[in-house]
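Remember, it's a predicted structure, so these values are computed and weren't measured experimentally. Heavy-atom basis, side chains included; hydrogens, waters and symmetry copies ignored. The residues of the chain are indexed from 1 along the displayed sequence.
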Amino acid sequence: MTKKERPDNRKLDEIRPMKMKAGVIKRADGSAQVEFGLTKVVAAVYGPRQIHPRHQEDATKSVLRCRYNMLPFSVSDRKRQGYDRRSTELAKVITEALEPALFLEEFPKTAIDVDMEIVQADAGTRAAAINAASLAIADAGIPMRDLVTSVAAGRANKELLLDMTKEEEDAEDAVDVPMAMMPRTGKITLLQMDGIVTPQDTEKIICLAEVGCKKIYEAQKKALLEKYGS
Ligand code: CDP
């Protein structure tokens, strides 16, 4: 299965070339830039800090507030500035993917703010954003149970694939399964599916994503080591 090749000559279970760097925004408490092929995202983290507006305060825990935004020049049809239904949904699922890794109850009455800006999009932006956010949270020194690691797997042109590009996602039979996990325990914190697929192929797709997440985990740890040493 790994022998067949794709438009960009990758193997079916191969992730696009990855670049990861922690600490790219001087004024944020923590930050990171992550690239998967042409998909490029920057994440910045602030907090735990006093929460405004105050009515959002929770006496039992910190409130994790994520923002996902696609810059107008990130896609081929210039995108209208600002948030829309898609970015609101993605902010929600990304928040839920990151929350299990954090000790929010340790910082009551505060907010942890995570801003993710999609600089360039070629599919897989939610996964890239989760990887960048998780690195940025670690870079901010916020305690974590584990890094959260994410990739999408799926189907295009009758093949099961890891980390699809937009060209592959546009195939008629495309199935897109974004997944996030905490690799140390194997806990899955995000699992979505767009498209119709058999239960057997669903299992294979999840296995592909799991193997992908483990490779991404190594790249995330390397990025942190590059900044903080061994
Ligand atoms: O980016 P991700 O795969 O997590 O989410 P999606 O909603 O499945 O979007 C897939 C891709 O469609 C994005 O990565 C972009 O390349 C493209 N897209 C676009 O060109 N214009 C938009 N307004 C939204 C998405």
Side-chain angles (χ1 to χ4, degrees), residues 16 20 24-25 27-47 49 51-53 55-56 58 62-102 104 111-137 148-156 163-180 188-197 209 216:
R16 288 174 280 183
M20 295 196 188
V24 295
I25 306 289
R27 305 203 188 286
D29 294 329
S31 60
Q33 179 161 331
V34 166
E35 296 179 31
F36 281 70
L38 295 177
T39 290
K40 189 184 287 193
V41 51
V42 176
V45 170
Y46 302 83
R49 64 182 179 181
I51 191 163
H52 296 288
H55 67 81
Q56 287 186 2
D58 186 329
S62 182
V63 179
L64 177 64
R65 298 187 296 193
C66 294
R67 288 193 315 117
Y68 165 103
N69 183 46
M70 251 180 173
L71 292 169
F73 51 75
S74 65
V75 288
S76 47
D77 294 338
R78 188 180 180 281
K79 194 195 154 277
R80 211 182 145 144
Q81 288 269 16
Y83 300 102
D84 52 19
R85 283 178 59 156
R86 178 176 173 274
S87 59
T88 306
E89 184 213 321
L90 290 194
K92 181 176 186 292
V93 298
I94 291 171
T95 306
E96 288 168 2
L98 294 170
E99 262 174 353
L102 297 172
L104 295 176
I112 296 172
D113 292 314
V114 182
D115 291 345
M116 290 153 279
E117 295 289 340
I118 308 303
V119 179
Q120 191 163 269
D122 184 25
T125 63
R126 82 194 65 196
I130 289 169
N131 294 322
S134 166
L135 263 185
I137 292 168
V148 182
T149 297
S150 182
V151 74
R155 183 186 65 205
D163 189 26
M164 291 189 287
T165 60
K166 175 78 174 131
E167 183 187 345
E168 289 171 328
E169 269 194 29
D170 286 343
E172 226 169 71
D173 66 336
V175 174
D176 182 28
V177 181
M179 189 171 114
I188 292 176
T189 64
L190 168 91
L191 187 62
Q192 295 182 284
M193 181 184 283
D194 192 5
I196 296 170
V197 72
I216 293 164

* Structure fact -> Taking every heavy atom of Glu169 against every heavy atom of Gly124, the minimum-distance pair comes out as OE2-N, 4.2 Å
* Considering residues at least two apart in sequence or located in another chain, which fulfil the salt bridge (Lys or Arg N to Asp or Glu O under 4.0 Å) criterion with Glu89? -> none
* Asked: Is any side-chain N of the basic residue among Arg49 and Asp29 closer than 4.0 Å to the acidic one's carboxylate O?
  -> no
* Side chain proximity check, Thr149 to Asn131, heavy atoms < 4.5 angstrom -> yes
* Determine whether Asp122 and Arg16 make a side-chain contact, defined as any pair of heavy atoms from C-beta on separated by less than 4.5 Å. => yes
* Asked: Can you name the nearest heavy-atom pair linking Ser31 to Ile25, along with the distance?
  -> OG-N, 2.8 Å
* Asked: Between Glu99 (side chain) and Glu96 (backbone), is there a donor-acceptor pair under 3.5 Å?
  -> no
* Under the side chain to side chain donor-acceptor pair (under 3.5 Å) test, residues paired with Gln56 that sit two or more places apart -> Arg65
* To do: Under the side-chain contact (heavy atoms from CB on, under 4.5 Å) rule, collect the residues that match up with Ala180, sequence neighbours excluded.
  => Ala97, Ile130, Val148, Ser150, Thr189, Leu190
* To do: Begin with the C-alpha distance, continue with both residues' side-chain angles, and end with the deciding distance and a verdict on side chain to side chain contact (heavy atoms under 4.5 Å, CB included) for Leu71 and Asn69.
  => CA-CA 6 Å; Leu71 292 169; Asn69 183 46; 4.0 Å; yes
* Any chance you could lay out the side chain to side chain contact (heavy atoms under 4.5 Å, CB included) test for Val175 and Ile196, step after step, and finish with the verdict? => CA-CA 7 Å; Val175 174; Ile196 296 170; 5.9 Å; no
* Contacts of type side chain to side chain donor-acceptor pair (under 3.5 Å), residue Ser134, not counting sequence neighbours -> none
* Indicate yes or no: at least one non-hydrogen side-chain atom of Lys92 is less than 4.5 angstrom from one of Thr88. => no
* To do: State, to 0.1 Å, how close Cys66 and Met116 come at their nearest heavy-atom pair, and which atoms those are.
  => CB-CE, 3.7 Å
* Structure fact -> Taken to the nearest 0.5 Å, the spacing of Thr39 OG1 from Gln120 CD works out to 7.5 Å
* Structure fact -> So CG of Leu102 and CD1 of Ile137: to nearest 0.5 Å the spacing works out to 5.0 Å
* **side-chain contact (heavy atoms from CB on, under 4.5 Å) against Arg86, all qualifying residues, sequence neighbours excluded** => Tyr68, Met70, Asp84, Leu90, Thr125
* To do: Taking all non-hydrogen atoms of both residues into account, name the closest pair between Ala152 and Ala127 and its distance.
  => N-CB, 4.3 Å
* Asked: For Ala209, which residues count as a side-chain contact (heavy atoms from CB on, under 4.5 Å) partner, sequence neighbours excluded?
  -> Val151, Ala153, Met179
* Rounded distance (nearest 0.5 Å) linking atom CD of Glu167 with atom CG of Asp170 -> 8.5 Å
* To do: Search all heavy atoms of Ile112 against all heavy atoms of Ser62 and return the closest pair with its distance.
  => CG1-OG, 3.5 Å
* Asked: So which heavy atom on Val45 is nearest to which on Ala133, and how close?
  -> CG2-O, 4.3 Å
